[in-house]
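Below, read A as the first sequence line, B as the second, and so on, with proteins coming before strands; counting in each chain starts at 1. When reading the values below, keep in mind they use all heavy atoms of this one structure, side chains included, and skip hydrogens, waters and symmetry mates.
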2 protein chains.
Amino acid sequence: MEREKEILRTHIAGHHMKQTRQREVILEAFLKAGGHVSAEELYYKVSKRASSIGLATVYRTLGLLCECGIAQQREFGEGRTRFEIVHEYHQHHDHLICTKCGKIIEFENPNIERLQEKVAKDNDFTVYTHKLEIYGLCSECK
Amino acid sequence: MEREKEILRTHIAGHHMKQTRQREVILEAFLKAGGHVSAEELYYKVSKRASSIGLATVYRTLGLLCECGIAQQREFGEGRTRFEIVHEYHQHHDHLICTKCGKIIEFENPNIERLQEKVAKDNDFTVYTHKLEIYGLCSECK
DNA sequence: ATATCTGCAAATTGTTTGCTGACGA
DNA sequence: TCGTCAGCAAACAATTTGCAGATAT
């Protein structure tokens, strides 16, 4: 929480941008939501809590959070983009997605990562990033 | 090719739908394109080859092809949906995507599949499907 | 004959942008 | 003060839908 605020502050300072109330509110709401929110969902939370912050501002601020490494975009096949928190000590993680209730579970698996590296190497590919999503029913929905 | 035409014909017959020239043309163009096309790209190919088939028809037909298992949707983080061919003897495959030239390489890796199953089991999850995409530079682009 | 298609244009959805007044440094 | 920001509405892009005439069965 404090860490992220600090990151944002530093990024803003270093890019002749300005610290604004809206940016603070949106960042707080985003962190409080725990990630995996869409822009519209976050807009909703933010609107409820406070003033008349526009959807465009939410989009712009989420873009900003991605730029400074606090958030990251993901598309799960739903048409809309979701944003998740980049945790400090977490390394890359992947997702289990319940197709019924929409719950998203994160997991990390170094073995899978290693096999992916191998596949890339076999194909003479330089990996930038990857994503793995497993769709199905969670324990509660099946 | 013939196999896919047959599947489509059977599906149409079994759903009181109608065999039309457009559907044939679109299926042929889709197969000939070899998959990984977007609706608009396919529309383009189809338009060139023949008559005034509308974009909406391409969308509707691609939906139909997905329903009868000939095609499958994928979203690579570009905003638009791509459609790929479901091959008869291929089992599930994943993708290496070159972020520079856009080339898509398919691969299969049973070990990764197995590890995914394990992750799902550990989380008490019933898997429907999954997707794995590795983004980076291909041999020619790096 | 009749129900399903098609093409077109209009509607939707998610997201971005231009503009003008507001505001932080 | 001055440049960046916010809110709003309009613009956009990808996809879907409604409608009226066309066409398989």
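Aromatic rings from B/H93 and B/H87 are positioned such that their centres are separated by 6.0 Å or more.
Closest to the A/K18 side chain, of the nucleotides C/dC5, D/dT15, D/dT4, is D/dT4. Nearest nucleotide to the A/A39 side chain, out of C/dG7, D/dC5, C/dT15: C/dT15. Taking every side-chain heavy atom of B/A56 into account, C/dA9 is the closest of D/dT4, C/dG14, C/dA9.
The phosphate of D/dT15 (OP1 or OP2) has a side-chain N or O of B/Y59 nearer than 4.0 angstrom. Remark: B/Q22 is not in phosphate contact with D/dA24, judged by side-chain N or O atoms under 4.0 Å from OP1 or OP2. Applying the 4.0 Å criterion to OP1 and OP2 of C/dC5, one finds that B/R23 has a side-chain N or O inside that range. OP1 or OP2 of D/dA6 has at least one side-chain nitrogen or oxygen of A/T20 nearer than 4.0 Å. Under 4.0 angstrom from either OP1 or OP2 of C/dC5 there lies no side-chain N or O belonging to B/T57.
Between the base of D/dG7 and the side chain of A/R60 there is a donor-acceptor pair shorter than 3.5 Å.
Between B/E140 and B/K103 there is a salt bridge, since at least one side-chain N of the basic residue sits less than 4.0 Å from a carboxylate O of the acidic one. Between B/E41 and B/R82 there is a salt bridge, since a side-chain N of the basic residue sits under 4.0 Å from a carboxylate O of the acidic one.
B/T81 comes within 4.0 angstrom of the backbone, heavy atoms only, and of no base.
Each of B/L55 and B/H15 lies near DNA chain C, and the nucleotide nearest B/H15 is the one positioned closer to the 5' end.
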